[in-house]
Protein chains: 2
Amino acid sequence: MTITQNIKIAVDAIVFGYANNNINVLLIKQKFGELKNQWALVGGFVKDDERLNDAVNRELNEEAGIKVNYLEQLYTYGDDINRDPRFRVVSVAYFALVNSTKLVLTADSDAEDAKWFPIGNLPPLAFDHREIITTAHNRLKSKLTYQPIGFDLLPEEFLFSDLENLYCTILEKEIDRRNFRKKTLSFGIIEETVNFSPKKNGRPAKLFKFNKQKYNELFKGGFLFEIKFA
Amino acid sequence: MTITQNIKIAVDAIVFGYANNNINVLLIKQKFGELKNQWALVGGFVKDDERLNDAVNRELNEEAGIKVNYLEQLYTYGDDINRDPRFRVVSVAYFALVNSTKLVLTADSDAEDAKWFPIGNLPPLAFDHREIITTAHNRLKSKLTYQPIGFDLLPEEFLFSDLENLYCTILEKEIDRRNFRKKTLSFGIIEETVNFSPKKNGRPAKLFKFNKQKYNELFKGGFLFEIKFA
DNA sequence: ACAAAAGTGTTAATCTTACACCCATGT
DNA sequence: ACATGGGTGTAAGATTAACACTTTTGT
């Protein structure tokens with residue numbers, strides 16, 4: 001049985017980072033082809049002997065020199081036959097998060113043309129990448145409420161106010177500080193450290209840490225993380 | 001820029017049907033190749049000029065002569081390079097539901113080798129199809145609690161007790177009839193019809209109908225369907 | 001009259017929301 | 001002493017959970 005098929009498989013990564021009350025998306029500038037100088041998602045073709053997830057990690061490393069904290073498959077784009085003007089490409093898009101200590105892109109490899117853009121201020125994008133980012137953004141917003149992925153956008157140790165601001169920013173909602181704190185602490189998956197923030201203004205704030213192991217245990221026991229606010 | 005790549009793209013469909021307090025999965029018997037006579041999911045290779053979702057619908061029609069009530073992309077399987085022993089295949093799996101009036105497979109097309117199997121009693125399966133079905137089954141269980149997809153497994157008009165049994169069966173939980181009815185009716189998306197069930201035993205029961213249009217309106221306004229029970 | 005499944009309300013417990021003042025530091 | 005952001009408790013309201021008897025039909 002022989003199959004002739006002329007479709008190429010690519011992977012693309014939507015990488016989100018959080019800084020200064022802003023969600024940022026990692027983009028790279030196309031260097032070749034018809035779409036030269038347009039901005040696009042990190043991505044590329046899958047090698048014959050390469051797993052899909054290895055392909056994404058490889059591209060992230062080659063094109064932006066970055067290692068992500070969280071990676072999951074998002075959606076496979078293959079319904080628009082002409083999404084790539086050159087030939088038919090089906091792209092498996094991955095949703096990724098990096099914590100804010102990695103927001104400075106190191107200039108090694110091809111990374112010079114990689115840049116963070118605030119989600120509210122994206123440049124014109126190649127292919128259907130704008131649409132893909134919208135899907136990823138929706139995933140971010142909804143997933144934040146039922147999985148503890150916010151911690152993958154923050155440094156190892158963080159201020160409670162940072163966590164709160166992250167939720168406010170991404171969900172575009174006002175949050176009551178007391179209720180938020182009560183709720184999130186009640187899960188028992190966030191721990192106080194002995195450290196304090198190096199702040200200029202106001203009362204010094206304790207630094208907190210997400211206990212992932214504890215979360216995993218609770219999760220196995222049926223516990224569901226959930227943050228919802230009117 | 002030329003890309004050489006030797007990976008084929010296929011689609012597979014996990015179709016669930018509900019009957020007699022049982023979830024059933026649609027499988028077909030392989031006719032050719034090394035895996036001849038093994039059971040497998042409906043699926044096949046994508047044509048060069050065919051959208052992914054068109055490919056699934058075509059395969060569903062060709063191999064089982066069935067039209068589904070609900071279809072969504074599930075996951076793309078491409079991390080196991082040898083999942084198909086012949087050559088590398090990346091498969092986009094789709095999650096589908098049919099309502100119980102369609103559980104009798106018409107014998108047209110290739111459908112003679114298509115059969116429903118209770119999820120608790122599957123035959124040995126080709127490729128990684130067992131694993132794919134597990135993922136789909138999990139999606140069914142979780143989605144049932146936050147989207148009104150249960151109605152796609154029932155006939156147009158159904159008994160409240162059928163709906164309740166469907167939830168009990170799929171979620172593997174006891175449900176309080178009064179609380180369940182109160183909650184689901186409170187959404188205002190289920191309507192009483194004038195018809196009654198043709199039952200042998202007990203008090204005749206009203207037939208109900210899901211008002212999809214109403215749900216869509218509410219959904220746009222921010223309403224979230226949610227059925228959770230301890 | 002009895003078997004079988006449908007239909008229906010109330011109460012306690014829990015969770016969610018709304019809301020305002022004091023605290024610790026730097027300048 | 002004041003400006004800045006951190007930290008905390010309580011009460012009303014809404015939602016969920018637990019629970020048992022009556023109704024309508026066929027036999």
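Protein chains get the first letters and strands the later ones, always in sequence-line order, with residue 1 at the start of each.
- Separating the CZ atom of Phe180(B) from the P atom of dT16(D) is a distance of 14 Å, rounded to the nearest angstrom.
- Proximity of the aromatic rings of Phe158(A) and Phe151(A) is defined here by a centroid distance below 6.0 angstrom, and this criterion is met.
- Taking the side chain of Asn179(A) as heavy atoms from C-beta on, and the options dA18(C), dA20(C), dG7(D), the nearest nucleotide is dA18(C).
- Set against dG7(D), dT16(C), dG9(D), the side chain of Lys183(A) has dT16(C) as its closest nucleotide.
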| task | Give the intermediate values and the outcome of side chain to side chain contact (heavy atoms under 4.5 Å, CB included) for residues Val15(B) and Trp116(B). | result | CA-CA 9 Å; Val15(B) 188; Trp116(B) 291 100; 3.9 Å; yes
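- Ring-centre distance between Phe225(B) and Phe187(B): below the 6.0 Å cut-off.
- Summary of the strand contacts: Ala205(A) and Lys182(A) both lie near DNA chain D, and taking for each the nucleotide with the nearest heavy atom, the more 5' one is attributed to Ala205(A).
- Following rounding to the nearest Å, Arg177(A) (CZ) and dC22(C) (C1') show an atom-to-atom distance of 12 Å.
- Distance, Asn165(B) CG to dA6(C) C1': 13 Å, rounded to whole Å.
- Atom NZ of Lys228(B) and atom P of dC15(C) are 13 Å apart (whole Å).
- Along DNA chain D, the nucleotide closest to Glu226(B) and the one closest to Pro204(B) are compared, and the more 5′ of them pairs with Glu226(B).
- Ring-centre distance between Tyr215(B) and Phe219(B): below the 6.0 Å cut-off.
- Counting atom types as modelled, Arg203(A) pairs no side-chain N or O with a base atom of dA3(D) as donor and acceptor under 3.5 Å.
- Between Phe196(A) atom CZ and dC23(C) atom P the separation is 16 Å, expressed in whole Å.
- The side chain of Asn201(B) lies closest to dA4(C), out of dA6(C), dA4(C), dG7(D).
- One interatomic measurement links the two molecules: CG of Asp176(B) to P of dA6(C), which rounds to 14 Å at whole-angstrom precision.
- A donor-acceptor pair under 3.5 Å links the side-chain atoms of Asp176(A) to the main chain of Asn179(A), judged by distance alone.
- Atoms CZ (Arg178(B)) and C1' (dT22(D)) sit 12 Å apart, rounded to a whole Å.
- Between Ser161(B) and dA6(C) there is a side-chain polar atom (N or O) within less than 4.0 angstrom of OP1 or OP2.
- Protein atom CZ of Phe160(A) is 12 Å distant from nucleotide atom P of dG6(D), rounded to whole Å.
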